[in-house]
Amino acid sequence: MSLDQTNGEVVYDAAGAAALDNEPRVSQSEGSQVTAAKSADQRDGLGCHSGAERMKSEAIAAGNGEMLERYARDYPVGPHDQPQGMCPAFGSLRVGLRMRRTATVLSGSACCVYGLTFTSHFYGARRTVGYVPFNSESLVTGKLFEDIREAVFKLADPELYDAIVITNLCVPSASGVPLRLLPKVINGVRIIGIDVPGFGVPTHAEAKDILAGAMLAYARNEAETGPVMAPREGRKERPTVTPVGEMFPADPMGLAALLEPLGLDIGPTVPTREWRELYAALDCAVVAAIHPFYTASYREFTSAGRPIVGSAPVGHDGTAAWLEAIGAAANVPTRLIEQAKQRFLPAIRGALSAAPINGRITLSGYEGSELLVARLLIESGADVRYVGTACPRTRWSDPDREWLQAHGVEVQYRASLEQDLAAMNEFQPDLAIGTTPVVQKAKERSIPALYFTNLISARPLMGPAGAGSLAQVVNAALASKPRFEEMTAFFEGVGSGATAGVWQQTPQDRPEFRERYARKLEKAARQRKSQEMV
């Protein structure tokens with residue numbers, strides 16, 4: 001142990017003097033590169049903390065303005081620019097990791113890559129995620145792009161992979177790392193480069209569409225220029241319907257049962273689980289827009305001349321309308337559509353009446369199926385007052401929105417946490433279904449709550465299997481109200497927030513300290529804003 005005489009700091013070893021990997025290495029003979037290194041330091045400082053406007057301006061200056069304009073058109077914002085949620089790149093990462101014979105490579109800050117890979121393994125991907133590291137110098141001099149190119153060439157083994165997906169995160173996107181200049185194919189392996197910056201993609205749900213759309217575009221071009229591989233289980237004999245959107249695994253089987261009396265069959269679900277399934281997905285009679293926000297994917301289907309039908313067969317009314325719309329789009333005779341309705345609708349009505357839900361519910365989430373779940377709850381008897389979704393309004397969600405609004409439901413697209421909580425406060429539900437912070441706030445107020453992603457969307461929703469599927473978990477949660485009230489009464493008087501707990505002397509609130517700290521934060525924000533303007 002020794003005392004540093006310069007600043008009085010006690011030091012135990014020489015670790016503080018070690019050079020960091022991300023420091024620009026400038027030798028005495030490289031004095032002419034000092035200016036470039038300083039610029040690199042500034043660019044390397046970009047990240048989630050830097051502010052969206054600064055990141056966007058850097059990306060535009062670096063040549064990525066067209067990409068940002070396309071994302072702005074495909075994924076419109078408002079009333080909030082970006083609802084609170086996880087890093088958008090998790091969505092595209094998840095799509096790639098679920099595909100056979102597909103390698104995934106990330107290009108971004110190490111902290112971002114760590115968080116994304118941690119999340120991917122948490123969700124059970126069990127796949128390796130490639131990473132091309134960079135420092136300030138390699139970022140600004142273009143060496144990062146060369147490193148990515150070298151990594152892709154080393155990885156492109158046709159015995160192992162059909163495709164390699166390289167994803168630019170915030171810093172490389174803002175710095176203009178040009179993945180579009182990578183070869184389209186290496187040793188027979190397709191190369192898919194995408195940008196998924198947090199400052200340009202509102203939610204992780206829409207990032208799924210970015211990769212799915214890029215793959216469909218690539219596959220459509222292949223199919224138009226020559227023969228392509230058939231699906232692993234062969235081509236279907238009947239015309240197919242391609243569902244778009246991640247669903248509960250049993251739902252495609254339910255859709256297949258609904259389509260059988262129409263003379264149709266179910267095709268691969270987009271996002272697909274294998275590259276060759278993309279061709280079969282494009283080779284369909286109709287596209288079922290189960291999740292309505294896959295704008296880039298629907299653009300590819302439209303270019304391929306495929307009709308698209310919104311909504312999904314949820315509940316009695318939803319199933320009837322969906323069968324009619326799918327049948328009309330596929331030129332199915334009216335008598336077959338009516339036969340299908342007579343076959344399934346009584347069973348769905350019976351299942352709904354056998355599993356009633358009685359209670360007032362507010363619902364919110366970020367998966368894209370929130371409006372569908374709300375329809376099913378209402379047909380089960382629930383009093384649903386509010387539906388919030390982090391996803392944008394599109395034409396493909398209009399049937400669900402119109403049906404819900406006709407039933408007196410407030411529908412909020414691009415919903416923020418504040419709006420979800422305000423709805424809970426206004427409608428005083430017996431059950432709140434929502435994201436983790438909504439569930440937390442509800443339980444603090446003795447309101448039973450369910451996490452949408454794990455407990456609601458992880459159940460069948462469509463056709464006879466979906467009817468009544470939510471009743472067990474929802475009714476069990478509604479019945480837990482007395483338990484929450486008992487817990488609240490038990491812990492009454494222990495304080496909340498900063499005063500929570502058991503104290504010898506109850507802490508006194510000091511609002512003057514809070515105000516002083518708030519003023520410091522405002523001052524720092526103004527300084528950052530003035531620096532961005534310069």
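The two residues Ala340 and Leu262 make their nearest non-hydrogen contact at CB-CD2, 3.9 Å. When every heavy atom of Ala280 is checked against every heavy atom of Thr242, the shortest pair comes out as O-OG1, 4.3 Å. The two residues Asp209 and Ala296 make their nearest non-hydrogen contact at OD2-N, 2.8 Å. Closest of all the heavy-atom pairs between Gly365 and Thr435 is CA-CG2, 4.1 Å.
Taking a cutoff of 4.0 Å between a charged side-chain nitrogen and a carboxylate oxygen, Arg299 and Asp74 qualify as a salt bridge. Salt bridge annotation for Arg98-Glu277: absent, with no cationic side-chain nitrogen under 4.0 angstrom from a carboxylate oxygen. Salt bridge status for Asp398 with Arg395: absent, with no side-chain N to carboxylate O gap under 4.0 Å. At a threshold of 4.0 Å, the pair Arg70-Glu66 does not count as salt-bridged, since none of the basic side-chain nitrogens sits closer than that to a carboxylate oxygen. Ion pair Lys341/Glu324 flagged as a salt bridge, since at least one NZ, NE, NH1 or NH2 atom sits closer than 4.0 Å to an Asp/Glu carboxylate oxygen. Between Lys481 and Asp430 there is no salt bridge, since no side-chain nitrogen of the basic residue lies less than 4.0 Å from a carboxylate oxygen of the acidic one. No salt bridge links Arg335 with Glu338; every basic N to acidic carboxylate O contact stays at or beyond 4.0 Å.
Distance alone, capped at 3.5 Å, places no donor-acceptor pair between the Asn358 side chain and the Gly381 backbone. Under the 3.5 Å distance criterion, the side-chain polar atoms of Asp157 are matched with a main-chain donor or acceptor of Glu159. Judged by distance alone, the side chain of Gln472 and the main-chain N or O of Ser469 form no donor-acceptor pair under 3.5 Å. In terms of modelled atom types and a separation under 3.5 Å, the side chain of Ser369 and the main chain of Leu372 share no donor-acceptor contact. In terms of modelled atom types and a separation under 3.5 Å, the side chain of Arg190 and the main chain of Met215 share no donor-acceptor contact. Arg101 contributes a side-chain N or O that, together with a main-chain N or O of Pro158, makes up a donor-acceptor pair within less than 3.5 Å. For Ser380 (side chain) and Ala382 (main-chain N/O), no donor-acceptor pair under 3.5 Å exists by modelled atom type. Not a single donor-acceptor pair under 3.5 Å links the side chain of Tyr75 to the backbone N or O of Thr203. In this structure, Asn475 contributes its side chain and Ala471 its backbone to a donor-acceptor pair below 3.5 Å. For Asn64 (side chain) and Ser173 (main-chain N/O), a donor-acceptor pair under 3.5 Å exists by modelled atom type.
Once rounded to the nearest 0.5 Å, the distance linking CG of Leu377 with CD1 of Ile456 reads 7.0 Å. In this structure, CG on Leu97 lies 9.5 Å from OG1 on Thr128, to the nearest 0.5 angstrom.
Residues Val474 and Ile361 meet the side-chain proximity criterion, which asks for heavy atoms closer than 4.5 Å. At least one side-chain heavy atom of Leu179 sits less than 4.5 Å from a side-chain heavy atom of Ile148. Taking 4.5 Å as the limit, some side-chain heavy atom of Leu216 sits within range of a side-chain heavy atom of Ser297. Counting heavy atoms from C-beta outward, Val438 and Leu417 have side chains that approach closer than 4.5 Å. Counting heavy atoms from C-beta outward, Val373 and Phe452 have side chains that approach closer than 4.5 Å. Residues Thr319 and Leu258 have side chains in contact (heavy-atom distance under 4.5 Å, counting atoms from C-beta outward). A heavy-atom distance below 4.5 Å is not found between the side chains of Lys208 and His291. Looking only at side-chain heavy atoms (C-beta outward), Arg306 and Asp283 come within less than 4.5 Å of each other.
Each of Met229, Met99, Arg232 was checked for a side-chain contact (heavy atoms from CB on, under 4.5 Å) with Glu274, and the lone residue meeting it is Arg232. Each of Pro392, Ser92, Pro88 was compared with Glu206 under the side-chain contact (heavy atoms from CB on, under 4.5 Å) criterion, and only Pro392 meets it.
Between Phe301 and Tyr298, the angle of the ring planes lies from 30° to 60°, which puts this pair in the tilted group.
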Review point. Do Ser311 and Asp400 pass the side-chain hydrogen bond (donor to acceptor under 3.5 Å, both in side chains) test, and can you show the C-alpha distance, the side-chain angles, and the key distance before you say yes or no?
Key: CA-CA 6 Å; Ser311 192; Asp400 302 317; 2.6 Å; yes
Practice item. Would you please test Ser397 and Tyr413 for side-chain hydrogen bond (donor to acceptor under 3.5 Å, both in side chains) and show each step? Key: CA-CA 10 Å; Ser397 69; Tyr413 294 97; 2.9 Å; yes
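A donor and an acceptor atom, one from each side chain of Ser364 and Glu370, are nowhere located under 3.5 Å apart. Using a 3.5 Å distance cut-off with no hydrogens or angles, the side chains of Glu222 and Tyr279 do pair a donor with an acceptor.
With a 6.0 Å radius and a threshold of 12 heavy atoms from other residues, nucleotides or ligands, Arg445 has its CZ atom above the threshold. Taking a 6.0 Å sphere around NZ of Lys236, one finds it holds more than 12 heavy atoms contributed by other residues, nucleotides or ligands. The local environment of CZ in Arg459 is crowded, with over 12 non-hydrogen atoms from other residues, nucleotides or ligands closer than 6.0 Å. The neighbour count for Glu402 CD, taken as heavy atoms of other residues, nucleotides or ligands under 6.0 Å away, is above 12.
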